[in-house]
Amino acid sequence: MDPIEDIEDYVARNRARHEQELARWVGMPSVSATGEGMPEAAEHAKGLLAASGLAPRLVETGGWPLAVGHAPGPEGSPHVVIYGHYDVQPAGPLEQWNSPPFEAAIRDGRIYGRGTGDNKGQHFAQLLAVRALRASEEGLPCSVTVLLDGEEEIGSPHLAATLAEMRAELDADVAVFSDGPVHDSYEPTVSLGVRGAVSFEITVRGADTALHSGNWGNVAANPAWELVWLLSTMRASDGRILVEGCDVATTLTAAERAALDALPVALQELLAGVGLDRMDACGDAGVNERLALPTFTINSLTCLDNQEHRSVIPSVAIARCDMRLACGQRTATVVDAVRKHVADRLPHAEVAFKAMMEPSRTLPDAPYAQAVLDAVSATADKPALFVPAMGGSLPIAGITDGLGLPCYGIPLANVDERNHAPNENFELARFHAGIVTAAAVLRRIGGAA
């Protein structure tokens, strides 16, 4: 029998049941930022772990709990940590959803709802892979510990410390996660790392009320102009980050550079797919290289005017921003640099820092890298791509740096999953194929010992 044929048969037999279970999971709100549904979701996550043959428990973190499940493998087999998160983003504008965000809807071969791709559908595929392997004739090929984080969407502020306290039981060999979409080319993908993140809010205040722009123009300080000027000192027109101390990143190795150069590029199709006809300013860097570099993004600008656009000098202006960090950067250094830059140029501006994550890096020649790549390639029946770093951020530095484990991302979702946006979705064919891929990875790791 083909090494994965039995898993494919299992998935085919249980397709309808798996979709029903996923729909129920997606239908449970679990918004860590507001707390909506979180206690119930934690208990449901614990139940999913148990249903997959893992001994489950909830670990207190000081915030939302970490759901942990463990199943032993054959004696002497590798120990694999699987990371995922059960919290989701807020729904966002309800009028932009084609179906309610917390009522899973299946149409046109996709399941829609908040958390379908990020991350309930993807970590559920990993759990179903464990379930399928346990039901197979040869059983689970390695020891598995699953970690389902309840705070990823708010920066996982307690995860690293919690994992440090669990270090003895997490004396593992390798870690994997499934999050984010496959490469823009839709080719099968293995990610070797993630960028870090620092999000913050800059507030500039003026008078204690909005003022008539004719009566007060040229007299009253305008916080909107002050904020715009401040932002212009933080990033150059060519994309260079001008905040001193924020531009220190580790140089890519030759192997990482080769992996980047091997990634396909379809720039015009990529841009057209989101209605763009140009790229952001970033020197002469190519598309794939840009996703491994530091960024500085303005997420939103507001004067809290309720979109009335009156002829006034606003009383307040606010910019919400984030920086994505490349390997070698540290959140504490970036925070200090941003705080100093603002204080030196506009002392009365206020800076409040929000979610933060450290970057993480696993090298292409790290242990089990080839086993993971071979497994993903075999199930896709084509060579998988090695991506040195995902464009997004995940708190896996607590695994790579804190626990000292190589960590490999196996993204399963479609490129247009619309994670964090209305109409988030997951192609069901990718969900079911992802179960097979995740099982194949565990079998390859088990056989690589």
Side-chain angles (χ1 to χ4, degrees), residues 1-28 30 41 43-56 67 69-73 80 82-84 86 103-113 115-146 148 176-179 182 188 375-376 378-381 410-414 417 424-446:
M1 178 177 283
D2 182 274
I4 56 171
E5 186 177 329
D6 59 332
I7 303 299
E8 292 173 330
D9 289 345
Y10 178 91
V11 171
R13 291 196 311 272
N14 292 281
R15 185 182 183 92
R17 180 165 65 90
H18 291 165
E19 291 180 7
Q20 291 169 359
E21 288 185 81
L22 175 58
R24 183 183 176 203
W25 190 205
V26 170
M28 297 189 68
S30 52
E43 288 295 331
H44 192 81
K46 182 179 175 183
L48 291 176
L49 293 169
S52 300
L54 301 157
H70 178 74
V80 182
I82 301 173
Y83 171 84
Y86 66 90
E103 294 179 18
I106 294 177
R107 56 182 183 271
D108 302 323
R110 303 185 184 215
I111 181 168
Y112 288 83
T116 48
D118 187 14
N119 172 256
K120 289 179 176 178
Q122 299 207 54
H123 74 238
F124 188 48
Q126 289 278 2
L127 289 177
L128 291 176
V130 173
R131 194 184 299 183
L133 288 167
R134 288 178 58 83
S136 69
E137 185 175 340
E138 65 182 75
L140 195 63
C142 49
S143 294
V144 170
T145 299
V146 175
L148 297 183
V176 298
F177 66 90
S178 290
D179 205 332
V182 295
V376 175
T379 55
D381 199 26
I410 310 162
L412 305 175
N414 35 293
E417 64 172 323
E424 181 179 346
N425 68 90
F426 194 1
E427 291 180 358
L428 287 170
R430 289 185 174 276
F431 166 64
H432 295 296
I435 301 168
V436 179
T437 298
V441 168
L442 292 178
R443 276 189 173 166
R444 290 277 182 158
I445 290 174

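Just so we're clear, the structure is a prediction, and the values are computed from it rather than from any experiment.
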Verdict with reasoning, S30 to H44, per side chain to side chain contact (heavy atoms under 4.5 Å, CB included): CA-CA 10 Å; S30 52; H44 192 81; over 6 Å; no
Side chain to side chain contact (heavy atoms under 4.5 Å, CB included) between I111 and F431, intermediate numbers included: CA-CA 10 Å; I111 181 168; F431 166 64; over 6 Å; no
I410 side, atom CD1; I82 side, atom CD1 - distance, nearest 0.5 Å: 8.5 Å
Atom pair CD/CD1 of E8 and I435 - distance to nearest 0.5 Å: 11.5 Å
Donor-acceptor contact present, side-chain S143 to main-chain G73, <3.5 Å: yes
Check ion pair E21-R131 (N to O, under 4.0 angstrom): yes
R430 side chain reached by L412 side chain, heavy atoms, under 4.5 Å: no
Distance (rounded to the nearest 0.5 Å) between D118 CG and E424 CD: 5.5 Å
Nearest heavy atoms of G53 and A71, plus distance in Å: O-CB, 3.8 Å
Heavy-atom donor-acceptor pair, E19 side chain to L428 backbone, under 3.5 Å: no
H18 and Y10 aromatic ring geometry - parallel, tilted or perpendicular at 30°/60° bounds: tilted
Heavy-atom closest pair, residues R134 and S52: CD-O, 3.3 Å
Exercise: identify the closest heavy-atom pair between G434 and A125: C-CB, 4.3 Å
Test item: H123 and L148 side chains (from C-beta on) under 4.5 Å apart, heavy atoms: yes
Donor-acceptor contact present, side-chain H70 to main-chain V144, <3.5 Å: yes
Heavy-atom donor-acceptor pair, N414 side chain to E427 backbone, under 3.5 Å: yes
Under 3.5 Å donor-acceptor, S178 side chain and Q122 backbone: no
Rounded distance [0.5 Å steps], CG in L49 versus OG1 in T145: 10.5 Å
Any L128 side-chain heavy atom under 4.5 Å of V11 side chain: no
Gap between atom OH of Y86 and atom CG of N119 - 0.5 Å precision: 12.5 Å
Residue pair T379, V441: steps toward the side chain to side chain contact (heavy atoms under 4.5 Å, CB included) verdict: CA-CA 9 Å; T379 55; V441 168; over 6 Å; no
Any donor-acceptor N/O pair, T116 side chain to Y112 backbone, under 3.5 Å: no
Trace of the side chain to side chain contact (heavy atoms under 4.5 Å, CB included) decision for V26 with F124: CA-CA 10 Å; V26 170; F124 188 48; over 6 Å; no
E417 versus G117, closest heavy-atom pair with distance: OE1-CA, 3.3 Å
Minimum heavy-atom distance between A104 and A23, given as atom pair plus value: CB-O, 3.5 Å
Gap between atom CD of E138 and atom CZ of R443 - 0.5 Å precision: 4.0 Å
